[in-house]
Amino acid sequence: MTWLAWRRQRPALLVAFGLLAVTGVALAVARAVIEGRAAALGVGVCLTEATQQCFTGPVQPLYAGFRETFTMMRAWLVVAAPLVGVIVGAGLLAREVEQRTVLFVGTQAISRVGWWARTVAMALVPAVVGVLAVTLLAGWALEPYAVLYRQERIGTLDFDISGIWPVAATVLAFALAAAFGAVLRSSLAVVVATVGVWVVLYASLSETRYDLLPDAVDIVPAASYTGFFDIDGLPQDLVYRGAGGEVVELGVVARTCGSSGTTDLCAGVTQVELYYQPSSLFWPLQALQSAVVAVLASGLLAFSALRWRRVMPGGAR
Amino acid sequence: MRWSLMRGRVGSRGVGPVPEGAVRFDGVGKRFGGRSALRDCTFEVPRGRVAALVGPNGAGKTTLLMVATGLLRADEGRVEVLGADPARVGMPPGASFVAQDKPLYGTFRVREMLRAAAALNARGRWDAARAAGLVEAAGIGFDERVGALSPGGRARVALAIALGRDPELLLLDEPLAELDPLARRQVMGAVLAASAESGTTVVLSSHVIADVEDACDHLVLLGGGRVRLDGAVEDLLAQHRVITGATEPDGAVVHSSRSGRQVEALVRGTGDGEPPTLDDLVMGYLQAEDGRVAAAGAPS
Amino acid sequence: MRFRVERRSGVPTYLQLVRQVEQALRLGALQPGDQLPTAKAVVEETAINPNTVLKAYRELERGGLVEARPGRGTFVLRTLARPASEVDGVLRVELAGWMERAAGAGLSVEDVDALVADARARRFEGGGARA
């Protein structure tokens with residue numbers, strides 16, 4: 001049965017793995033290229049620890065030259081994880097219904113739920129393993145970039161490609177595809193529906209992500225305020241306070257203090273409150289979001305299993 | 001309206017105790033939304049028969065077969081296939097089904113398709129040698145792609161897989177549709193060989209009587225979701241007559257039609273007239289309106 | 001031995017099989033001890049119901065022409081071929097001559113068939129076409 005589950009999904013699995021393999025190669029190449037360029041410019045150290053000098057002088061070409069690559073790679077990784085889930089999940093059941101092989105499978109000596117479970121496992125397990133591997137590889141390959149551009153793992157794009165979230169994204173996409181596959185008859189419809197719903201869910205989760213857990217606050221006397229620079233986390237909000245604890249409007253500060261960047265006792269500001277999501281929240285947030293996905297995915301897979309027990313293409317002709 | 005005759009052992013093979021029927025429906029009904037696909041269906045196909053399930057398109061033949069295999073659940077009535085209830089056990093073990101279109105995995109090679117069938121039947125009976133032998137006998141190469149086979153080739157492979165389960169009952173939905181005459185002969189030949197060799201009961205549906213009339217010794221006629229006829233072909237033919245005359249004859253007239261000055265009537269009875277062909281019988285009952293069959297003097 | 005089934009001939013299928021076996025026996029194509037094809041082999045080729053084959057074989061058995069041996073098959077018991085004699089030879093020659101004359105007179109195959117059938121019916125079946 002394992003062989004059969006593999007053979008039926010061989011095309012989808014090969015495509016998914018091809019995708020991941022190409023991604024992996026691209027990642028390794030990306031790291032090699034940036035390291036080579038940095039070495040050529042003599043600023044290799046900027047890739048392990050970014051100091052103030054890393055933004056001017058000889059580093060400029062490095063800094064300017066790889067920002068787009070960095071963004072594109074991360075954007076691709078955000079898309080790739082759920083894409084793998086869709087690829088291996090969409091054809092799972094919809095194609096059986098499309099080709100009516102469900103009438104064949106349903107009349108052999110096999111429990112339908114058992115068949116469904118093995119099919120799901122054969123698709124999901126390799127997909128998860130592959131995505132996990134690529135996630136780890138990406139962590140390694142993009143490290144120089146992360147250092148250079150001072151990206152925090154907890155930040156939006158980086159959060160989505162680190163930790164266990166990519167795997168959760170894959171599982172969610174897969175579960176959606178499996179659920180739609182048990183209801184819709186064409187693989188194409190399943191893909192469209194899955195992508196649509198996944199995007200909506202993803203948008204909701206990212207929108208609310210940083211509202212889930214409380215911000216940390218750094219209270220900095222105005223004299224020593226040098227910006228959000230040294231925060232270990234993702235900036236959320238900034239409040240200027242005067243001597244009596246009153247809030248000084250951002251607009252007032254901007255007009256009064258100009259754009260020099262220092263607010264030393266300007267407009268009556270005595271302290272600055274920096275609200276941010278600390279990096280230590282990375283794993284709790286990953287856990288929270290993944291838990292939501294786990295619950296949704298379980299529900300969707302259970303629905304798919306139950307539908308599959310009674311699936312019959314719209315009545316006999 | 002249904003005419004059910006003595007389901008005797010005339011024409012059946014084999015000696016021994018009369019076994020229970022292979023397929024038995026009792027008052028079975030099935031609805032899809034508001035539409036009734038099967039209504040009060042009652043019939044019994046005894047073991048060892050080669051039965052034709054005949055009726056026009058849309059009569060409910062596919063629905064009936066799917067209820068018998070557990071793919072659909074009846075809304076009312078009792079279903080018994082090889083002594084089991086398909087609504088409870090799913091596909092009755094000992095039965096095999098080939099759906100219309102002979103669904104197979106198109107991208108598989110024949111060899112892989114057989115392997116898939118073996119995997120799907122690991123928990124039941126599977127005779128790999130028999131299935132492979134049937135494929136070879138059909139002249140189909142094991143490395144051919146299933147999707148590239150001719151309709152006849154697909155039918156042979158699907159049948160080989162069905163027979164690989166060593167079934168006591170073979171259920172076939174329109175097995176001859178879309179086949180050229182040679183393939184039709186070969187597929188029927190293979191089906192009947194299984195019946196001859198192992199006593200397998202066969203129920204096959206068709207909307208073309210001519211395809212099956214030489215092969216079948218039992219008839220279940222379905223029209224508008226109802227069973228119109230159920231019995232051994234020999235008995236059914238012996239107990240009807242076709243009478244041609246100037247006026248409609250007395251007695252239990254199933255259906256009569258007038259052309260010019262002649263009236264031709266299909267009559268239930270054993271008196272005057274010609275024995276009907278299977279076609280006469282089927283067309284007569286399909287065209288008879290409900291309640292048209294006179295109950296007077298009905299022979300048992 | 002291969003069977004040919006004429007589906008629209010009006011003759012019951014089993015009877016066609018019986019007659020074809022009898023014909024084979026008459027012509028010596030089947031000899032005592034030969035095995036008749038199994039029901040499986042016959043239906044595989046002709047796509048008729050296995051019962052029909054068995055009915056035909058039972059009929060032949062009843063006529064003492066064949067014998068069913070359980071587990072082994074159905075075997076021919078006796079032949080219907082008459083030993084060849086001079087009378088046969090003379091009759092054949094006369095028949096060939098008659099055919100020549102009929103052809104010379106412009107008769108078609110159908111005409112010949114009709115004449116022969118009628119003469120045969122008068123002599124062997126006590127009937128024949130009314131003139």
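Below, read A as the first sequence line, B as the second, and so on, with proteins coming before strands; counting in each chain starts at 1.
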For B:Val282 and B:Leu219, what are the C-alpha separation, side-chain angles and deciding distance, and is it a side chain to side chain contact (heavy atoms under 4.5 Å, CB included)?
-> CA-CA 9 Å; B:Val282 166; B:Leu219 175 73; 4.1 Å; yes

Honestly, is A:Arg100 close enough over A:Phe104, meaning NZ or CZ under 6.0 Å from the six-membered ring centre and within 45° of the axis?
-> no

Is there a side chain to side chain contact (heavy atoms under 4.5 Å, CB included) between A:Gln9 and A:Thr119 once you walk through the steps?
-> CA-CA 9 Å; A:Gln9 297 168 85; A:Thr119 301; 3.6 Å; yes

Given A:Leu103 and B:Met66, is the side chain to side chain contact (heavy atoms under 4.5 Å, CB included) satisfied, shown in steps?
-> CA-CA 9 Å; A:Leu103 296 178; B:Met66 288 198 180; 3.8 Å; yes

Sole residue of B:Ile209, B:Leu53, B:Asp230, B:Leu286 in side chain to side chain contact (heavy atoms under 4.5 Å, CB included) with B:Leu221 | B:Leu286

In this structure, OG of A:Ser206 is separated from CH2 of A:Trp165 (nearest 0.5 Å) by 7.5 Å

Going by the angle between their ring planes, with limits at 30° and 60°, are A:Trp3 and B:Phe108 parallel, tilted or perpendicular?
-> perpendicular

Of the listed B:Arg115, B:Lys102, B:Lys30, the one with the largest count of heavy-atom pairs under 4.5 Å with chain A is B:Arg115

Contact origin within B:Thr107 toward chain A - heavy atom pairs under 4.5 Å | both

Contact residues of residues 122-136 of chain B (partner chain A; heavy-atom separation under 4.5 angstrom) | B:Arg123, B:Gly124

Within residues 160-170 of chain B, residues adjacent to chain A where the heavy-atom gap is under 4.5 Å = B:Ile161, B:Arg165

Find the distance between OG1 (A:Thr156) and CZ (A:Arg209) and round it off to the nearest 0.5 Å.
-> 6.0 Å

Salt bridge (Lys or Arg N to Asp or Glu O under 4.0 Å) between B:Asp173 and B:Lys61, intermediate numbers included | CA-CA 8 Å; B:Asp173 194 356; B:Lys61 305 189 293 292; over 6 Å; no

Among B:Ala118, B:Gly106, B:Ala95, B:Ala116, single out the residue with the greatest number of heavy-atom pairs under 4.5 Å to chain A.
-> B:Ala116

Does B:Glu178 CD have over 12 foreign heavy atoms under 6.0 Å away?
-> no

Before giving the answer on side chain to side chain contact (heavy atoms under 4.5 Å, CB included), spell out for A:Val105 and B:Tyr105 the whole-Å C-alpha distance, their side-chain angles and the decisive distance to 0.1 Å.
-> CA-CA 10 Å; A:Val105 171; B:Tyr105 291 115; 3.3 Å; yes

Against chain B, label A:Arg8 side chain, backbone, both or neither, depending on which of its atoms sit under 4.5 Å from a heavy atom there.
-> both

